[in-house]
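Take a look at the structure set out below.
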Amino acid sequence: MAPTTVLTADQAHARLHELTVIDVRTPGEYGSGHLPGAHNIPLDHLDAALPALRTAAERGDLLIVCASGARSAQACRRLAGQGITAATLTGGTTAWTRLGHATHRPAGTRTAWAMDRQVRLAAGTLILTGLIAGRRWNAARRLSAAVAGGLVFSALTDTCGMAALLARLPHNQPGATTLDDTLAALTG
């Protein structure tokens, strides 16, 4: 298993010119602002990108980035299991922007909600729906209980099934050309 390194935002900023940055957030999150020069490979497409990531890692160090550091740490563990060494950005793009480091946002892209915001909206809506419908049909309260249980499980395991489901929505998917272009850039 390959080792995983942890870099702070300031350490990554100082080495940015020598790192290949891979942003594992959804395309919508990536489009709302990413580290300069970052390539977008959403976490759920990581396995398909393994050959390109292996090639890029042979040329230099990889830095894996997400919003908070949780998804990038997960990606680094998956890469390490495949023998690919990568570093994760502690605190993710949130820490990066909090320290005042520049982000890039392509012209003409719309700002999508961060995944944690999408999860909060979906969870809150489902819980509220279960409670309101539960006033008329008692069984509907199970929806609220199921979502609450899922949130507890998510906190205890540091995973998020709802985020995995929301990542499959069309606005969170990369276009085939975009992902193909990214993989070609990493191998070229």
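- Counting only distance, with no hydrogens or angles, the side chain of S154 and the backbone of T159 share a donor-acceptor pair below 3.5 Å.
- For E18, the salt bridge (charged side-chain N to carboxylate O under 4.0 Å, His left out) partners at least two apart in sequence or on another chain are R15.
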Evaluate side-chain contact (heavy atoms from CB on, under 4.5 Å) for M162 paired with L126, printing each intermediate quantity in order. CA-CA 11 Å; M162 188 175 291; L126 289 170; 4.1 Å; yes

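- To the nearest 0.5 angstrom, E29 atom CD is 9.0 Å from N40 atom CG.
- No side-chain heavy atom of D61 sits less than 4.5 Å from a side-chain heavy atom of T5.
- S144 places no side-chain N or O within 3.5 Å of a backbone atom of A140 that could act as its donor or acceptor partner.
- Every residue two or more places apart in sequence or in another chain was checked for a side chain to side chain donor-acceptor pair (under 3.5 Å) with T187, and none qualifies.
- Side chains of V119 and D116 form no contact here, defined as non-hydrogen atoms less than 4.5 Å apart.
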Do any side-chain atoms of residues 128-137 form donor-acceptor pairs under 3.5 angstrom with protein atoms, and if so which ones, sequence neighbours left out?
residue : atom : partner : partner atom : Å
T129    : OG1  : T125    : O            : 2.7

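- Taking every heavy atom of both residues into account, A185 and H39 meet most closely at CB-CE1, 4.1 Å.
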Please test T20 against R59 for side-chain contact (heavy atoms from CB on, under 4.5 Å), starting from the C-alpha separation and ending with a verdict. CA-CA 9 Å; T20 299; R59 285 196 311 263; 5.7 Å; no

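- Annotation for L89 and A12: closest pair CD1-CB, 3.8 Å, computed over non-hydrogen atoms.
- Among T90, T88, D23, the single residue meeting the side-chain hydrogen bond (donor to acceptor under 3.5 Å, both in side chains) criterion with S72 is T88.
- Between L99 and T8 there is no side-chain heavy-atom pair separated by less than 4.5 Å.
- The side chain to side chain donor-acceptor pair (under 3.5 Å) check on T103 picks up nothing, with sequence neighbours excluded.
- Side chains of P42 and T26 form no contact here, defined as non-hydrogen atoms less than 4.5 Å apart.
- Side chain of H34 to backbone of Y30: a donor-acceptor contact under 3.5 angstrom is found.
- Using a 4.5 Å cut-off on side-chain heavy atoms (C-beta onward), T93 and L35 make contact.
- V24 and L16 fall into different hydrophobic clusters, defined by Ile, Leu, Val, Met, Phe, Trp and Tyr side-chain heavy atoms under 4.5 Å apart, directly or through other members.
- Looking at Q82 and L53, their side chains never come closer than 4.5 Å, going by heavy atoms from C-beta outward.
- L43 is connected to L62 through a chain of hydrophobic side-chain contacts under 4.5 Å among Ile, Leu, Val, Met, Phe, Trp and Tyr, so both are in one cluster.
- A continuous path of Ile, Leu, Val, Met, Phe, Trp and Tyr side chains, each step under 4.5 Å between heavy atoms, connects I64 with L50, placing both in one hydrophobic cluster.
- Note that CG of L183 and NE2 of H45 are 10.0 Å apart. Values are rounded to the nearest 0.5 Å.
- Both L79 and L179 sit in one connected hydrophobic cluster of ILVMFWY residues. Membership requires side-chain heavy atoms under 4.5 Å apart, directly or through other members.
- Minimum heavy-atom separation, A122 to L166: CB-CD1, 4.2 Å.
- For D158, the salt bridge (charged side-chain N to carboxylate O under 4.0 Å, His left out) criterion is met by no residue, not counting sequence neighbours.
- Applying the ring-ring contact (aromatic ring centres under 6.0 Å, His included) test to every pair with at least one member in residues 72-98, sequence neighbours left out, gives these pairs: H13-W96, W96-H101.
- If you chain together hydrophobic residues whose side chains sit under 4.5 Å apart, V21 and L186 never meet in one group.
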